[in-house]
Amino acid sequence: MPAKDWETRLAAVIAGWEGGERAAVEKAASLDEIERVRVSFLGRKGTLALLLRELGELPLDDKRRLGPRAQELKRSIEEAAKLRMGELTETLDQEALKPLFNDPTLPGYPPPRGGLHPLTQTIEEIAGILLSLGFEWAEGPLIETERYNFEVLNIPEHHPSRDLMDTFYLEGSEGLVLRTHTSPVQGRELEKRPPPLRIFSPGRVFRRENVDATHSAVFHQIEGLCVDEGIGFSDLKGTLEVFLKALLGPETKLRFRPSYFPFTEPSAEVDVECFVCRGAGCGLCKRTGYIEMLGSGVVHPNVLKSCGVDPERWSGFAFGMGVERIAMLRWGVQDIRAFYENDLRVLGQFAG
Ligand code: PHE
């Protein structure tokens with residue numbers, strides 16, 4: 001066979017490959033498609049296979065010149081086919097595995113379960129006890145007037161305890177502050193409903209504090225207020241005793257320490273005997289044997305008067321406690337910031 005013919009046929013085969021069939025292999029969607037192209041070139045009657053078989057009949061010179069071109073074409077066809085086959089089998093394997101992941105008879109992954117935030121749990125537990133003692137849930141605004149946050153509570157302007165409170169004043173407002181305690185709810189409730197009344201009020205409060213392990217600029221308090229005829233310090237003592245025993249256990253021992261708040265007189269801070277060392281002195285109670293729990297006192301007559309309640313007829317007691325403090329003591333949390341960082345690895349440790 002004349003070498004010229006052979007060379008022309010090879011050129012046509014190369015044109016066929018480069019002109020479309022290579023692309024067909026590279027983009028093939030099935031193994032069959034690759035096999036079709038491969039067979040058309042290299043099968044028993046494939047165009048390239050025929051040429052290669054006839055190569056031996058060419059004169060030696062032409063064989064040397066043209067042979068490598070045909071071999072080169074054969075190699076690129078085989079390589080392209082192999083590469084695409086590899087890619088396809090990988091995706092096909094995954095397709096084939098898919099039904100396994102959809103097996104509806106397999107037990108499912110348990111969905112992650114949410115829980116109540118430890119502060120919410122603490123508030124709810126305290127609320128449960130106070131409700132059982134006949135106190136009603138009340139709420140007040142976080143943005144408060146200076147009147148309710150201070151004046152009604154017998155804290156006049158220029159009273160030094162205003163400075164102690166480290167108040168956030170709302171810029172550009174006329175006498176608005178972020179409430180520094182839950183006590184303003186006392187005045188709001190006294191004005192709203194005439195005594196006798198028993199209310200408690202949990203909520204957020206704000207102070208200009210530098211944040212550290214035991215301080216936060218935003219924290220929570222629960223306020224309690226009882227006003228009726230003939231209420232005195234003994235009612236305060238009895239109520240707090242029942243309340244703290246329900247919260248901390250029947251063994252709990254209380255200590256009333258004289259203190260000062262402008263809105264109560266007399267005032268007392270209430271400590272409980274340290275539940276770790278039972279009064280002996282340890283790290284938790286800073287060797288004092290006692291842990292401070294809340295502030296309290298007999299409602300100052302000026303508070304009642306400011307709210308239009310006759311102090312000659314009515315009297316009452318009030319108390320306020322820090323929710324974070326109680327939660328920290330209860331779970332042995334060392335850093336108040338753990339409650340606000342919303343790290344699920346931390347929050348997940350509080351059952352409920
Ligand atoms: N409001 C006081 C505080 O923030 C606590 C308190 C409430 C004291 C009610 C007495 C009576 O420290």
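In listed order, ligands and their atoms are each counted from 1. Everything quoted here is computed from the prediction, not taken from an experiment. Below, each value reflects all heavy atoms present in this structure, side chains not excepted, and no hydrogens, waters or symmetry copies. The first residue in the sequence is number 1, and the count goes up from there.
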Study note, to complete from the structure: Contacts satisfying side chain to side chain donor-acceptor pair (under 3.5 Å) that involve residues 232-247 (not counting sequence neighbours) are Glu241-Lys245
Practice item. May I ask you to check whether Glu324 and Tyr340 show a side-chain donor-acceptor distance below 3.5 Å? Key: yes
Practice item. Give a yes or no on whether a salt bridge exists between Arg38 and Glu35, defined as a side-chain N under 4.0 angstrom from a carboxylate O. Key: yes
Practice item. Scan residues 271-282 for pairs that pass salt bridge (charged side-chain N to carboxylate O under 4.0 Å, His left out), counting only residues two or more places apart or in two chains. Key: Lys253-Glu273, Arg255-Asp271, Arg257-Asp271
Enumerate, one pair per line, all nitrogen or oxygen atoms of ligand 1 lying under 3.5 Å from a protein nitrogen or oxygen, stating the separation to 0.1 Å; write 'none' if no such pair exists.
from, atom 1, to, atom 2, distance (Å)
ligand 1, 1 (N), His181, ND1, 3.1
ligand 1, 1 (N), Ser183, OG, 2.9
ligand 1, 4 (O), Arg207, NH2, 3.0
ligand 1, 4 (O), Gln221, NE2, 3.0

In residues 221-231, what donor-acceptor pairs under 3.5 Å come from side-chain atoms, sequence neighbours left out?
from, atom 1, to, atom 2, distance (Å)
Gln221, OE1, Thr182, N, 2.9
Gln221, OE1, Thr182, OG1, 3.3
Glu223, OE1, Thr182, OG1, 2.8
Glu223, OE1, Ser183, N, 3.2
Glu223, OE1, Ser183, OG, 3.3
Glu223, OE2, Ser183, OG, 2.8
Glu223, OE2, Gln186, NE2, 2.7
Glu229, OE2, Arg313, NE, 2.7
Glu229, OE2, Arg313, NH2, 3.4

Check your understanding: Do the numbers put Arg179 on top of the ring of Tyr148, so that NZ or CZ is under 6.0 Å from the six-membered ring centre and no more than 45° off the axis?
Key -> no
